[in-house]
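Step one of this worksheet: look at the structure below.
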There are 2 protein chains.
Amino acid sequence: MLVAVDCIIFGFDGNDIKLLLVQRGLKPEKGKWSLMGGFLQPAESLEQAANRILKQLTGLEGVYMEQMRAFGEPERDPVERTLSIAYFALIDIHQYEKQLSNEYHPEWFHVKKMPDLIFDHKKMVDIAKRQLRYKAALHPILFELLPSRFTIPQLQILYEGIYDTAFDNRNFSRKVLSTELLIKQKEKDKANSKKGAFYYKLDKRKYKANFQAFLNFIPNPDKLLL
Amino acid sequence: MLVAVDCIIFGFDGNDIKLLLVQRGLKPEKGKWSLMGGFLQPAESLEQAANRILKQLTGLEGVYMEQMRAFGEPERDPVERTLSIAYFALIDIHQYEKQLSNEYHPEWFHVKKMPDLIFDHKKMVDIAKRQLRYKAALHPILFELLPSRFTIPQLQILYEGIYDTAFDNRNFSRKVLSTELLIKQKEKDKANSKKGAFYYKLDKRKYKANFQAFLNFIPNPDKLLL
DNA sequence: CCAAAAGTGTTCTTTGTACACCCATGC
DNA sequence: GCATGGGTGTACAAAGAACACTTTTGG
């Protein structure tokens with residue numbers, strides 16, 4: 001039995017949440033879009049494989065990544081029985097763009113405008129989106145998608161994209177600040193408004209300490225379809 | 001590469017939360033305690049394998065079960081590289097006892113008084129305990145551990161065991177009832193108190209409909225170590 | 001009648017939500 | 001000086017937590 005690792009890679013460009021896909025190099029379905037994946041090597045752990053695969057594609061290391069689940073339907077790969085362990089990763093898209101272009105010719109796709117994917121990769125993506133919503137409602141995970149310096153309105157756009165809904169900006173900023181995870185900077189971002197919005201940075205120490213304690217971030221979480 | 005499925009099976013006897021373990025039949029570590037597991041067969045899915053293994057051990061079908069995650073450290077099984085997909089199951093221990101005794105000679109162990117386990121099974125159990133706390137804080141999953149008819153004080157003992165803490169019984173019963181997932185029965189359980197506590201049954205329809213919407217069940221969830 | 005668990009009522013605190021209104025700035 | 005987002009203040013509503021007190025019944 002073959003064991004593969006597939007990576008669902010999320011990015012955020014300031015407006016939209018996107019997924020990084022590659023065109024499959026092997027038959028069958030050569031040329032069709034696919035998640036980035038690879039086979040587990042004899043001496044590596046699953047985490048190591050996932051990080052290796054992510055680095056191959058993006059050049060990035062130290063990225064936020066977590067195991068999602070295993071997919072093992074007997075017929076999921078029509079050629080040979082292959083178990084896939086899916087990981088999802090959150091990357092700062094601007095970090096990635098410094099790196100750009102490689103042998104895989106990956107492309108970013110808006111999560112709502114995805115092409116057809118091979119095998120059961122669509123199912124994996126759907127589960128990853130659900131998982132991301134779930135996790136982000138409870139933990140401050142979405143900061144991983146932003147550059148190290150960001151404004152609260154930028155953060156709000158990200159949350160609104162994830163939950164496909166609008167939040168009250170006044171209550172949103174208060175709620176974010178009440179977590180005390182953010183450190184206010186002196187400079188403002190003037191690109192998006194005349195008044196300008198202050199930049200913030202994550203308090204990394206508090207972020208790590210409070211990672212598990214970020215419940216109730218999303219208003220009316222019981223109305224979300226998780 | 002070998003692919004195994006291991007099951008972490010939780011039960012509740014009315015006072016304590018327990019895990020069902022077996023003595024390993026194969027070398028190495030023959031005779032040592034272990035989670036119930038087995039190898040994934042060529043034609044079956046992971047879910048099918050997990051259900052097959054659970055049925056082999058307990059005789060039960062239709063049990064609550066979910067995939068936890070994959071464990072793939074290269075050296076986790078010293079003999080041969082084996083990937084394990086861990087599932088956790090919640091069973092009504094009394095249902096199980098009707099079935100009793102089989103070739104595996106399983107035994108229930110209190111979650112806090114576990115013997116040494118083979119390989120990385122202790123790690124799997126620790127993660128399963130954490131996962132169960134996490135999930136139960138958000139979803140009405142613990143009903144799966146109770147018989148179809150139960151009292152609110154019984155439910156409270158279960159929650160207190162899971163979270164290793166005490167809840168205010170007055171607020172607890174109100175909170176449970178406010179979910180409207182329970183249907184009051186005419187009879188009382190007189191075994192545990194003089195006044196007696198009313199039995200309740202789960203409203204299966206509402207349970208399924210609201211399974212995702214049970215957030216904020218545990219007071220102060222941010223103080224829990226998840 | 002007393003002990004002991006079940007359960008109701010009430011109060012206070014905290015958190016969430018809605019929205020009026022002021023602020024800073026580029027044009 | 002006015003349009004545009006950024007942000008504070010405030011008021012009301014909902015949920016959570018603490019706890020006094022009543023109920024039921026076996027001994």
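None of these values were measured; they are calculated from a predicted model. Here is how names work: the chains are called A, B, and so on, in the same order as the sequence lines, proteins then strands, and each is numbered from 1. Reckoned from all heavy atoms, side chains included, excluding hydrogens, waters and symmetry mates.
- Qualifying ring pair (Phe, Tyr, Trp, His ring centres under 6.0 Å) partners for B/Phe109, counting only residues two or more places apart in sequence or in other chains: B/Trp33.
- By the ring pair (Phe, Tyr, Trp, His ring centres under 6.0 Å) test, B/Tyr200 pairs with no residue at all, sequence neighbours left out.
- Here the options are B/Asp92, B/Ile162, B/Ile157, the test is side-chain contact (heavy atoms from CB on, under 4.5 Å), and the partner is B/Phe12; only B/Ile157 passes.
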Just the atom pairs and distances: protein N or O near nucleotides 4-6 of chain C's N or O, under 3.5 Å.
from	atom 1	to	atom 2	distance (Å)
C/dA6	N3	B/Lys195	NZ	2.9

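- Comparing C/dC19, D/dT24, C/dA24 by their nearest atom to the side chain of B/Lys188 picks out D/dT24.
- Taking the salt bridge (charged side-chain N to carboxylate O under 4.0 Å, His left out) definition, one finds that A/Lys206 meets it with nothing, sequence neighbours left out.
- If you take NZ of A/Lys190 and P of D/dT4, they are 18 Å apart, rounded to a whole angstrom.
- Put simply, OH on A/Tyr200 is 12 Å from P on D/dG6, counting in whole angstrom units.
- Rounded to whole angstrom, the span from the CG atom of A/Leu177 across to the C1' atom of D/dG6 amounts to 12 Å.
- Taking atom CG of B/Asn171 as the reference point, atom C1' of C/dT13 lies 13 Å away to the nearest angstrom.
- Checked against salt bridge (charged side-chain N to carboxylate O under 4.0 Å, His left out), A/Asp203 has no partners two or more places apart in sequence or in another chain.
- We find that CG of A/Asp168 is positioned 12 Å from C1' of C/dA20, with the value rounded to whole Å.
- Judged by atom type and distance alone, B/Arg170 reaches the base of D/dA20 through a side-chain donor-acceptor pair under 3.5 Å.
- By the salt bridge (charged side-chain N to carboxylate O under 4.0 Å, His left out) test, B/Asp13 is found to be paired with B/Lys18, residues two or more places apart in sequence or in another chain being considered.
- For A/Arg130 and A/Tyr134, the positive end is not near the middle of the six-membered ring at less than 6.0 Å and at most 45° from its axis.
- Rounded to whole Å, the distance from CD on B/Gln154 to P on C/dG7 is 11 Å.
- When rounded to the nearest whole Å, the span between NZ of B/Lys175 and C1' of D/dA14 equals 13 Å.
- Across the protein-nucleic acid pair, A/Gln156 atom CD and D/dG5 atom P stand 13 Å apart, rounded to whole Å.
- In the interface, the side chain of B/Arg174 is paired with the base of C/dG9 through a donor and an acceptor atom under 3.5 Å apart.
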